[in-house]
Peer 1: 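This is the structure, below, for whatever I ask next.
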Amino acid sequence: MKYLVAGMMLVLVALSADAQIYKWLDANGKVHFGSMPPTTANAESLDLSTATTSSSPAATIPAINRDEAQKAYLESAAAERKKREAEREHQRVVEQQTRRTCGVLSGMRKDLEDKKALYRYNDQGEKVFLNDVESKAFHQQVNEEYDKNCH
């Protein structure tokens, strides 16, 4: 029984090796392949014993090199993705800091418009009120920073 199955397998392998494949174009110019030639078009018989599976340059590269090339490509793509994600995160942080800074500057501008008395703390931790010249310079500095960062 084992010999019968083995013999049948050999016959099937031999028959499949001799199987004929046909190639033809349909009326729309589309290429078709099949084991039976069509009756409506001229078919070309292909010799599969000498045919290569692909005419692309990649087909001539050994499988190990293709695997290495694919691995290198995937690693490169992952590195690019990681770089883009880091750039997006950096941009998000910068935008968040800018919103905070603009909020503070906006509040300072409102305080300056309301003519609140401006002061700073000296080395002893005491309030020292700004005179008119210092207040005007500070007001100008706040407006310049706001214009530079928030518009």
Peer 1: Answer yes or no: is there a side-chain heavy-atom contact under 4.5 Å between Glu85 and Arg88?
Peer 2: yes

Peer 1: Would you say the side chain of Gln70 lies within less than 4.5 Å of the side chain of Leu74, judging by non-hydrogen atoms?
Peer 2: yes

Peer 1: So Arg92 and Glu89, salt bridge (Lys or Arg N to Asp or Glu O under 4.0 Å) or not? Walk me through it.
Peer 2: CA-CA 5 Å; Arg92 186 189 67 74; Glu89 177 62 17; 2.6 Å; yes

Peer 1: Identify whether the distance between the nearest side-chain nitrogen and carboxylate oxygen of Asp114 and Lys110 falls below 4.0 Å.
Peer 2: yes

Peer 1: Give, for atom CZ of Phe138 and atom CG of Leu118, the distance between the pair rounded to the nearest 0.5 Å.
Peer 2: 6.5 Å

Peer 1: I'd like to know if Lys148 pairs up with Glu145 as an ion pair, taking the criterion as any Lys NZ or Arg NE/NH1/NH2 lying under 4.0 Å from an Asp or Glu carboxylate oxygen.
Peer 2: yes

Peer 1: Is Asn28 reaching over with its side chain to a backbone N or O of Lys30, donor-acceptor style, under 3.5 angstrom?
Peer 2: no

Peer 1: Can any side-chain N or O of Gln97 pair as donor or acceptor with the backbone N or O of Val94 at less than 3.5 Å?
Peer 2: no

Peer 1: If you measure from CD on Glu113 to CE on Met108, what distance do you get to the nearest 0.5 Å?
Peer 2: 13.0 Å

Peer 1: Rounded to the nearest 0.5 Å, what separates atom CD in Gln96 from atom OG1 in Thr101?
Peer 2: 10.5 Å

Peer 1: Would you indicate whether the side-chain heavy atoms of Leu130 and Tyr119 approach each other to under 4.5 Å?
Peer 2: no

Peer 1: State whether the number of non-hydrogen atoms from other residues, nucleotides or ligands found under 6.0 Å of Asp132 atom CG is greater than 12.
Peer 2: no

Peer 1: Looking at Arg84 and Glu87, is any side-chain nitrogen of the basic one under 4.0 Å from a carboxylate oxygen of the acidic one?
Peer 2: no

Peer 1: Has Ser76 got a side-chain atom pairing as donor or acceptor with Ala72's backbone, closer than 3.5 angstrom?
Peer 2: no

Peer 1: Indicate yes or no: at least one non-hydrogen side-chain atom of Lys127 is less than 4.5 angstrom from one of Tyr121.
Peer 2: yes

Peer 1: What is the minimum heavy-atom distance between Tyr146 and Cys102, and which atoms define it?
Peer 2: CE1-O, 4.1 Å

Peer 1: With side chains defined as the heavy atoms from C-beta onward, is the minimum distance between Glu134 and Asn131 less than 4.5 Å?
Peer 2: yes

